[in-house]
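Structure first, then comments.
Computed from heavy atoms alone, side chains included, the values below leave out hydrogens, waters and symmetry copies. Keep in mind that what you see is a predicted model, and the values were worked out from it rather than measured.
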Amino acid sequence: AQRCGIAADSAMPIVSSERALRADDGKLNLPTAGPLAACGAAVYVATGNPSEPQQISIAKVDAGALKTTWTSAPVGAVSALAADEARIYAIGTTSDAAKLVCLSSDSGKVIWSKPVASGEVLTSGRERIFAVTTPNTLSCLDAVSGTELWSRETGTLRGTPVLAHSLLFIVTTTADGWALQCLDDSTGSTLWSVKLTAESLTPATVAGGKVFVTQSSGLDAAKIYCFQVSDGVAAWTKDVNKAPVTYLCASGDQLAFVNTALRIVLLKQSTGEEGETVPLGKGAQPPVIGRNFLLVAGETRAGAFDLA
């Protein structure tokens, strides 16, 4: 899965260590109060009483035994969470101030913290953290110390940046409208930029040397673009009658998303050709593809579909 270390919804399925997990108060045996993140055999959960956001903490859960290993000190209402082998990164808000907190994966103790301007933007990888530290400013931080390595002005970001192939992909507003931009992750400089002709509906998704993004095309419809990672040249476009309401999940030659009809739609990455659709109904969550299985979840059904 492209985003197994990042969760933006408390009920979002996550793939890690060949397991699929979903937030469930009964099974995890602790109250969930925000997103999940997974790395290796560990799952990290925002836990506490949502009506008391100042007291929400992060808990480490053993994915096999579903037992809590540790619970951190309160970090505030958690809006974004990411994890790697050594550290967990959470954006928590207390008293209307958002803060990025880095915790030890061994103990849950705070290693460093830093004020941020957005509670939604958080990307980790290659010993770096990417977050919006001041309004319209994307910053790259050293994951170990929290030291700022670089920063650059942006517009309004759509979702969170995606790190792949030592490149950072963002979907942002510009003076000319919405654009998909490819940045050098070590300097923040723009390597290429593609102007979108309408409002973006999703953040970028990167897989198989391609980057995918969706824009509105009026009413309930949308257009899905596929660009080459190397230079931003368009590989194909696909018009869909029902727009995506989740990010695009990609793996192998499959691209999946939930549309406005609350159905999972599958496209071929290589051509954009539409395949099967899976009805999910109310509470449909972003799909996950792992080991050639499509994992889906809604309020009344969950399952795995063999894509072979």
What's the shortest heavy-atom distance between Gly48 and Ala33, and which atoms? O-CB, 3.4 Å
Is the closest side-chain donor-acceptor distance between Thr277 and Arg263 under 3.5 Å? yes
Please report the closest heavy-atom contact between Leu141 and Glu148, naming both atoms and the distance. CD2-CA, 3.7 Å
Side chains of Leu295 and Ile289: closer than 4.5 Å at any heavy-atom pair? no
Taking atom types as modelled, is there a side-chain donor on Ser139 or Ser151 under 3.5 Å from an acceptor on the other? no
Going only through I, L, V, M, F, W and Y residues with side-chain contacts under 4.5 Å, is there a path from Leu201 to Val245? no
Residue pair Leu196 / Val213, side-chain heavy-atom distance below 4.5 Å: yes
Could you tell me which residues satisfy side-chain hydrogen bond (donor to acceptor under 3.5 Å, both in side chains) with Thr154, sequence neighbours excluded, listed by chain and number? none
Can you confirm whether Val296 sits close enough to Phe305 that some side-chain heavy atom of one is under 4.5 Å from a side-chain heavy atom of the other? yes
Which pairs count as side chain to side chain donor-acceptor pair (under 3.5 Å) when at least one residue sits in residues 165-177, sequence neighbours excluded? Arg126-Ser166
Leu100 versus Tyr89: any side-chain heavy-atom pair under 4.5 Å? yes
Smallest heavy-atom separation, Leu81 atom then Leu122 atom, equals N-CD2, 3.8 Å
Is there a side-chain contact between Trp192 and Thr190, using heavy atoms and a 4.5 Å cut-off? no
Going from SG on Cys182 to CG on Asp231, what distance comes out if it is rounded to the nearest 0.5 angstrom? 9.5 Å
With side chain to side chain contact (heavy atoms under 4.5 Å, CB included) as the test, would you mind laying out the steps for Arg87 and Ser105 before giving the verdict? CA-CA 5 Å; Arg87 294 168 292 275; Ser105 63; 5.9 Å; no
Can you tell me how far the CG atom of Asn136 sits from the OG1 atom of Thr156, to the nearest 0.5 Å? 6.0 Å
Using a 3.5 Å distance criterion without hydrogens, assess whether the side chain of Thr69 forms a donor-acceptor pair with backbone atoms of Val61. no
Should Ile56 and Thr47 be marked as a side chain to side chain contact (heavy atoms under 4.5 Å, CB included) after you check the CA-CA gap, both sets of side-chain angles, and the distance that decides it? CA-CA 6 Å; Ile56 292 175; Thr47 181; over 6 Å; no
Pairwise salt bridge (charged side-chain N to carboxylate O under 4.0 Å, His left out) hits with a residue in residues 150-169, at least two apart: Arg158-Glu199
Straight-line distance of Leu168 CG to Gln181 CD, nearest 0.5 Å: 10.5 Å
Measuring from Thr246:OG1 to Asn259:CG, what's the distance to the nearest 0.5 Å? 9.0 Å
Among Val229, Val211, Val206, exactly one meets side chain to side chain contact (heavy atoms under 4.5 Å, CB included) together with Leu167. Which residue is that? Val229
So how far is it from Leu183 CG to Trp150 CH2, rounded to the nearest 0.5 Å? 6.0 Å
What's the shortest heavy-atom distance between Ile170 and Pro161, and which atoms? CG2-CB, 3.7 Å
What I'd like to find out is whether the side chain of Val162 reaches to under 4.5 Å of the side chain of Thr205, using heavy atoms alone. no
Would you be so kind as to tabulate the donor-acceptor pairs closer than 3.5 Å made by side chains of residues 219-226, with sequence neighbours excluded?
unit_1, atom_1, unit_2, atom_2, d
Asp220, OD1, Thr260, OG1, 3.1
Asp220, OD2, Lys242, NZ, 3.3
Asp220, OD2, Thr260, OG1, 2.8
Lys223, NZ, Asp239, OD1, 2.7
Lys223, NZ, Asp239, OD2, 3.4
Tyr225, OH, Gln215, NE2, 3.4

List the atom pairs, donor and acceptor, that lie under 3.5 Å between side-chain atoms in residues 107-116 and the rest of the protein, sequence neighbours left out.
unit_1, atom_1, unit_2, atom_2, d
Ser107, OG, Lys109, N, 3.2
Trp112, NE1, Ala143, O, 3.0
Trp112, NE1, Val144, O, 3.3

Go through the steps to decide whether Val78 and Ile91 satisfy the test side chain to side chain contact (heavy atoms under 4.5 Å, CB included), and finish with yes or no. CA-CA 6 Å; Val78 179; Ile91 294 182; over 6 Å; no
Within the distance-only criterion (no hydrogens, no angle test), does the side chain of Trp236 pair as donor or acceptor with the backbone N or O of Glu273 below 3.5 angstrom? no
Got more than 12 heavy atoms from elsewhere within 6.0 Å of NZ, Lys99? no
Just checking, any donor-acceptor pair under 3.5 angstrom between side chains of Ser104 and Asp106? no
Going through the distances and angles, do Asp142 and Arg128 end up as a salt bridge (charged side-chain N to carboxylate O under 4.0 Å, His left out)? CA-CA 5 Å; Asp142 179 83; Arg128 297 184 177 98; over 6 Å; no
Going by heavy atoms in the side chains, are Phe257 and Thr202 under 4.5 Å from each other? no
Determine, using the 4.5 Å side-chain heavy-atom cutoff (strictly less than), whether Val101 and Tyr44 are members of one ILVMFWY cluster. yes
Looking only at heavy atoms, what is the nearest atom pair of Thr94 and Gly76, with distance? CG2-CA, 3.4 Å
Using a 3.5 Å distance criterion without hydrogens, assess whether the side chain of Thr68 forms a donor-acceptor pair with backbone atoms of Trp70. no
Backbone N/O of Cys39 and side chain of Asp84: donor-acceptor pair under 3.5 Å: no
Steps toward side chain to side chain contact (heavy atoms under 4.5 Å, CB included) verdict (Ile129, Thr123): CA-CA 6 Å; Ile129 300 297; Thr123 300; over 6 Å; no
Give, for atom CG of Leu163 and atom OG of Ser124, the distance between the pair rounded to the nearest 0.5 Å. 8.5 Å
Thr160 side-chain N/O to Val121 backbone N/O, donor-acceptor pair under 3.5 Å: no
So the side chain to side chain donor-acceptor pair (under 3.5 Å) pairs with at least one residue in residues 50-65 (sequence neighbours excluded) are Asn49-Ser51
Using side-chain heavy atoms (C-beta onward) and a distance below 4.5 Å, is Phe212 in contact with Gln269? yes
Looking at Ala235 and Gln228, what are the two nearest heavy atoms and their distance? CB-NE2, 3.8 Å
